[in-house]
Structures are given as C-alpha cells and as structure tokens.
Amino acid sequence: GGGGGGGGGGGGLAQSPRQLGYLEFVYFLLSEEDKASRTATGYWFRLLDLDGDGKLSLQDLEPFYAEQVARQVALGSEAIAFRDVMTQLFDAV
C-alpha cells in the first residue's frame, strides 16, 4: 500500500486494516448501494480476494462463510457446512 492520509478527512487511506479512511468509506457506501455496478463488483471482488491473486478460491471465501455460520448458530439456526454449500453451488453451475 501507499502512504497514509491522516485522521480527520485527509487522503482517505486507512490507518490500520480495521479502519476505513474517507475514500474507502465512500467506495463502501457506493458499492453497498448499487451492487450491480462495475465499481461495486470490483470492490467486493477485491474485498473477498484475501490472498490478492486475482482469483476467488475456497480459501478466500471460507473465512467469510465462517462468520455467517457463527451468526446462524448464535441465532439458534442450524448451519450448513461450507463444503456442502460449495458443492451445491458447483452443481448448480
């Protein structure tokens, strides 16, 4: 990554992996609002591509699914195993 903007509306770069700078926040809002746009598709792809190799692998996606499983379990729902979900998706394609 590049150098940083500071707090208070500077260059917009995050100070840490858990913080959003102003520009990142704007991209997030725009991408959340219009998920079908080319900008949004690129945003969400880059977010999911954890290893930055330009491909979405099962290893990239599994941590995000694990968070959803934790939410399902916390709400008292039965969670479906990641491997089973991926098998269903691959069978559907």
Side-chain angles (χ1 to χ4, degrees):
L13 297 176
Q15 293 298 307
S16 79
R18 295 184 101 18
Q19 294 179 345
L20 290 178
Y22 176 74
L23 290 177
E24 293 161 324
F25 181 67
V26 170
Y27 278 119
F28 167 75
L29 286 179
L30 293 173
S31 296
E32 178 64 23
E33 189 65 29
D34 183 12
K35 292 179 182 78
S37 74
R38 177 171 239 128
T39 299
T41 302
Y43 175 86
W44 293 115
F45 184 91
R46 287 186 303 277
L47 186 77
L48 294 171
D49 184 18
L50 295 177
D51 59 12
D53 66 355
K55 303 174 201 168
L56 294 182
S57 67
L58 296 179
Q59 291 77 23
D60 289 327
L61 300 176
E62 193 165 14
F64 295 101
Y65 188 75
E67 287 188 35
Q68 297 308 310
V69 166
R71 291 178 66 188
Q72 289 173 322
V73 169
L75 294 172
S77 296
E78 184 178 344
I80 301 171
F82 178 72
R83 185 175 301 265
D84 293 339
V85 171
M86 290 298 105
T87 298
Q88 290 174 14
L89 286 173
F90 291 142
D91 287 348
V93 176

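Each residue takes its place number in the sequence, starting with 1.
A pairwise comparison of heavy atoms in Gln19 and Glu24 identifies O-OE1, 4.1 Å as the closest pair. Closest approach of Ala40 and Ser37 over heavy atoms only: N-OG, 3.0 Å.
Connection of Leu48 to Val85 is established within a shared hydrophobic cluster, with ILVMFWY side chains joined at heavy-atom distances below 4.5 Å, either directly or through further cluster members. Clustering ILVMFWY residues whenever any of their side-chain heavy atoms sit less than 4.5 angstrom apart, transitively, puts Leu75 in a cluster other than the one holding Val73.
The distance from the CE atom of Met86 to the CD1 atom of Ile80 is 11.0 Å, given to the nearest 0.5 Å. Atom CG of Leu29 is separated from atom CD of Glu33 by 8.5 Å, given to the nearest 0.5 angstrom. Expressed to the nearest 0.5 Å, how far CD of Gln59 lies from CG of Leu50 amounts to 10.5 Å.
A donor-acceptor contact shorter than 3.5 Å links the side chain of Thr87 to the backbone of Arg83. No donor-acceptor pair closer than 3.5 Å links the side chain of Glu67 to the backbone N or O of Phe64. No donor-acceptor distance shorter than 3.5 angstrom exists from the side chain of Ser31 to the backbone of Phe28, with no hydrogens or angles considered.
Residue pairs satisfying the side-chain hydrogen bond (donor to acceptor under 3.5 Å, both in side chains) criterion with at least one member in residues 39-53, sequence neighbours excluded, are absent.
Atom CZ of Phe82 has more than 12 neighbouring heavy atoms from other residues, nucleotides or ligands inside a 6.0 Å radius.
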